[in-house]
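Structure first, then comments.
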Amino acid sequence: MINGTPRVAIQGIRASFHEEAAFRYFGEDIQTIECNSFKQTFEALKNGEADYVVMAIENSIAGSLLPNYSLLLNYNFPVVGEVYLPIQLHLMALPGVAFEDVKTAMSHPIAIRQCVDFFDDYPQIKVIESNDTAACAKRIRDEQLTDTVAIANTLAAKLYGLQILERRIESNKKNFTRFLILTTHDNAAKVEANKASLCFQVSNEVGSLAKVLNILAENNINMSKIQSMPVLGKRNEYNFYLDVEWDEQAKYDTALRQILKYTHNFNILGEYKRYEEGI
């Protein structure tokens, strides 16, 4: 860290939802490291150019970001926290542009998918996919595009000097994205954890996964998420990613010892405090 200010790598540019999530977790006194891809954020952490990575892992509408699960396993950086961000999407343009002048809308494909109902009502607007919500807002400002709008957050409108033409155009108003916070093993502080992200494989036999899930239930461990991903190059073999939560540390420890008997390639991706609003 530079003078105690955390350097946080995000996919995208300033005022993206990733930066907004970073602000929510760390506060606004951070140095944002802009990266073109999720892999670049991990490389920045690996090369000492960042202290933390903030990475989206799932959205309540679009679902899981499957390639990011592979990054978790391949780089083996510990998950040290999480944050849930309400996704509020606005239509923004240069000051003075009227909605009737708009011919094109730009945004990230996931953001576009979250606004399909709005654009069904305006078929005359051509929708173009881009790599980042905030980058679309910045492009409108930089190129002074008078017939184009961006779909982005309030932070982007403020930073790039755009006016909001339509607020809250997302189809589902209870739309959240979950972000993970990662760092290096040396930088990971010990906390009184009550949530963990796990990864393992089980044999391709009847009841193999059920044995693991039964152990969790017997120890009063809540499984809040399960995701499977094929093991590259191996037929009928899968990595299972689980998020589990507990109230008693001893029961979690017992469950892990029992689970090890029925799994292989078992990894604890991180143990951390589950996110609670206002904390």
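The chain is numbered in sequence order, starting from 1.
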> Can a salt bridge be assigned to the pair Asp51 and Lys46 using a cut-off of 4.0 Å between side-chain N and carboxylate O?
Replying inline: no
>> As a test of understanding, state which of His18, Arg7, Glu19, Arg14 forms a side-chain hydrogen bond (donor to acceptor under 3.5 Å, both in side chains) with Thr32.
In response: Glu19
>> Would the distance check show the side chain of Gln163 and the main-chain N or O of Val97 forming a donor-acceptor pair, the cut-off being under 3.5 Å?
In response: yes
> Which distance, rounded to the nearest 0.5 Å, do you find between the CD1 of Ile30 and the OG1 of Thr5?
Replying inline: 9.5 Å
>> Restricting to non-hydrogen atoms, name the atom on Pro6 and the atom on Phe26 that form the minimum distance, rounded to 0.1 Å.
In response: CG-CD2, 4.3 Å
>> Between Ser16 and Thr133, is there a side-chain donor-acceptor contact under 3.5 Å, judged purely by atom types and distance?
In response: no
> If you count the non-hydrogen atoms of other residues, nucleotides and ligands that lie under 6.0 Å from CD in Glu28, is the total more than 12?
Replying inline: no
>> I'd like to know if the side chain of Asn187 reaches the main chain of Thr183, judged simply by a donor and an acceptor atom lying under 3.5 Å from each other, with no hydrogens or angles considered.
In response: no
> Side chains of Val79 and Ile181: closer than 4.5 Å at any heavy-atom pair?
Replying inline: no
> When the ring planes of Phe118 and Tyr122 are compared, do they come out parallel, tilted or perpendicular, using 30° and 60° as the limits?
Replying inline: tilted
>> Quick check: closest heavy atoms across Ala15 and Asn153, and the distance to 0.1 Å?
In response: O-OD1, 3.0 Å
> Would you find a donor on one side and an acceptor on the other, under 3.5 Å apart, between the side chain of Ser208 and the backbone of Ser203?
Replying inline: yes
> Can you tell me how far CE of Met92 sits from CD1 of Ile164, rounded to the nearest 0.5 angstrom?
Replying inline: 5.0 Å
>> Show, in sequence, the C-alpha distance, side-chain angles and deciding distance for Phe42 and Tyr75, and conclude whether the ring-ring contact (aromatic ring centres under 6.0 Å, His included) test is met.
In response: CA-CA 7 Å; Phe42 279 79; Tyr75 281 86; 5.1 Å; yes
> Can you tell which of Leu65, Asn68, Leu66 makes a side chain to side chain contact (heavy atoms under 4.5 Å, CB included) with Ile57?
Replying inline: Asn68
> Is there a donor-acceptor contact under 3.5 Å from the side chain of Asn214 to the main chain of Ala210?
Replying inline: yes
> Quick one: do Leu155 and Val54 end up in the same hydrophobic cluster if we chain Ile, Leu, Val, Met, Phe, Trp and Tyr together by side-chain heavy atoms under 4.5 Å apart?
Replying inline: yes
>> Ignoring hydrogens, what is the shortest heavy-atom contact between Leu73 and Cys199? Give both atom names and the distance.
In response: CD1-SG, 3.9 Å
> Are side-chain N/O atoms of Ser64 and Lys225 paired as donor and acceptor at under 3.5 Å?
Replying inline: yes
>> Given 3.5 Å as the limit, does a donor-acceptor pair link the side chain of Asn59 with the main chain of Ile61, or not?
In response: yes
> Rounded to the nearest 0.5 Å, how far does CG of Asn172 lie from CG of Asp117?
Replying inline: 9.5 Å
> So Val149 and Leu165, side-chain contact (heavy atoms from CB on, under 4.5 Å) or not? Walk me through it.
Replying inline: CA-CA 9 Å; Val149 291; Leu165 300 181; 3.8 Å; yes
> Would you call Leu182 and Leu180 a side-chain contact if the rule is heavy atoms closer than 4.5 Å?
Replying inline: yes
> What is the distance from atom CG of Leu72 to atom CZ of Phe77, rounded to the nearest 0.5 Å?
Replying inline: 11.0 Å
> With distance as the sole test, does Lys273 use its side chain to make a donor-acceptor pair with the main-chain N or O of Glu192 at under 3.5 Å?
Replying inline: yes
> For the residue pair Tyr262 and Phe200, is the inter-centroid distance of their aromatic rings smaller than 6.0 Å?
Replying inline: no
> Where do Ala44 and Ala9 come nearest, in terms of heavy atoms and distance?
Replying inline: CB-CB, 4.3 Å
> Just by distance, with hydrogens left out, do Glu271 and Tyr252 show a side-chain donor and acceptor under 3.5 Å apart?
Replying inline: yes
>> Taking the side chain as everything from C-beta on, heavy atoms only, tell me whether Met229 gets closer than 4.5 Å to Ser70.
In response: yes
>> Between Thr254 and Arg257, is there a side-chain heavy-atom distance shorter than 4.5 Å?
In response: yes
>> Could you go through Phe119 and Ile151, starting from their C-alpha distance and side-chain angles, then the distance that decides it, and tell me whether this counts as side-chain contact (heavy atoms from CB on, under 4.5 Å)?
In response: CA-CA 11 Å; Phe119 288 106; Ile151 306 166; 3.4 Å; yes
> Quick one: does Leu162's side chain get under 4.5 Å of Leu94's, heavy atoms only?
Replying inline: yes
> Under 4.0 Å between a Lys/Arg side-chain N and an Asp/Glu carboxylate O for Arg178 and Asp243?
Replying inline: yes
> Side chains of His90 and Thr154: donor-acceptor distance under 3.5 Å anywhere?
Replying inline: yes
> Between CG of Asn74 and NZ of Lys39, what distance do you get to the nearest 0.5 Å?
Replying inline: 8.5 Å
> Taking Thr263 for the side chain and Ile259 for the main chain, is one N or O donor matched with an acceptor at less than 3.5 Å?
Replying inline: yes
> Honestly curious: do Ile33 and Leu159 fall in one hydrophobic cluster under the side-chain, below-4.5 Å linking rule?
Replying inline: no
> Are any side-chain N or O atoms of Thr148 and backbone N or O atoms of Leu145, one a donor and one an acceptor, separated by less than 3.5 Å?
Replying inline: no
> Taking all atoms of both residues into account, what is the closest heavy-atom pair of Ala255 and Leu216, and its distance?
Replying inline: CB-CD2, 4.5 Å
> Hey, does the side chain of Gln144 reach the backbone of Arg141 with a donor-acceptor pair shorter than 3.5 angstrom?
Replying inline: yes
> Linking I/L/V/M/F/W/Y whenever any side-chain heavy atoms sit under 4.5 Å apart, do Phe179 and Val80 land together?
Replying inline: yes
>> Rounded at 0.5 Å granularity, tell me how far CG in Leu89 sits from CD1 in Ile169.
In response: 6.5 Å
> Do Tyr25 and Ile10 belong together in a cluster built from hydrophobic side chains that touch within less than 4.5 Å?
Replying inline: yes
>> In the structure I gave you, are the side-chain heavy atoms of Val202 and Phe240 within less than 4.5 Å of one another anywhere?
In response: yes
> Any side-chain heavy-atom pair from Lys138 and Ile13 closer than 4.5 angstrom?
Replying inline: yes
> Take atom NZ in Lys234; do more than 12 heavy atoms of anything else shown fall under 6.0 Å from it?
Replying inline: no
>> When you group the ILVMFWY residues by side-chain heavy-atom contacts below 4.5 Å and let the links chain together, are Phe23 and Val53 in the same group?
In response: no
> If you measure from the Lys or Arg side-chain nitrogens to the Asp or Glu carboxylate oxygens, is any gap between Lys195 and Glu82 under 4.0 Å?
Replying inline: yes
> Given Phe99 and Ile125, is the side-chain contact (heavy atoms from CB on, under 4.5 Å) satisfied, shown in steps?
Replying inline: CA-CA 10 Å; Phe99 184 79; Ile125 298 178; 4.0 Å; yes
> Do Glu170 and Asn175 get their side chains close enough for a donor-acceptor pair, meaning under 3.5 Å?
Replying inline: no
>> Could you report the tightest heavy-atom contact between Trp246 and Ala196, atom names first, then the distance?
In response: CZ3-N, 3.5 Å
> Any side-chain heavy atom of Leu209 within less than 4.5 Å of one from Ile226?
Replying inline: yes
>> Hydrogens and angles aside, do Gln249 and Asp253 bring a side-chain donor and acceptor to less than 3.5 Å of each other?
In response: yes
> Passes side-chain contact (heavy atoms from CB on, under 4.5 Å), Thr104 versus Ile128? Steps please.
Replying inline: CA-CA 7 Å; Thr104 304; Ile128 298 177; 3.4 Å; yes
>> Looking only at the side chains, is there a donor atom on one of Gln11 and Asp132 sitting less than 3.5 Å from an acceptor on the other?
In response: no
> Side chain of Asp29, backbone of Gly27: donor and acceptor closer than 3.5 Å?
Replying inline: no
>> Tell me if the centroids of the rings in Tyr69 and Tyr241 come within less than 6.0 Å of each other.
In response: yes
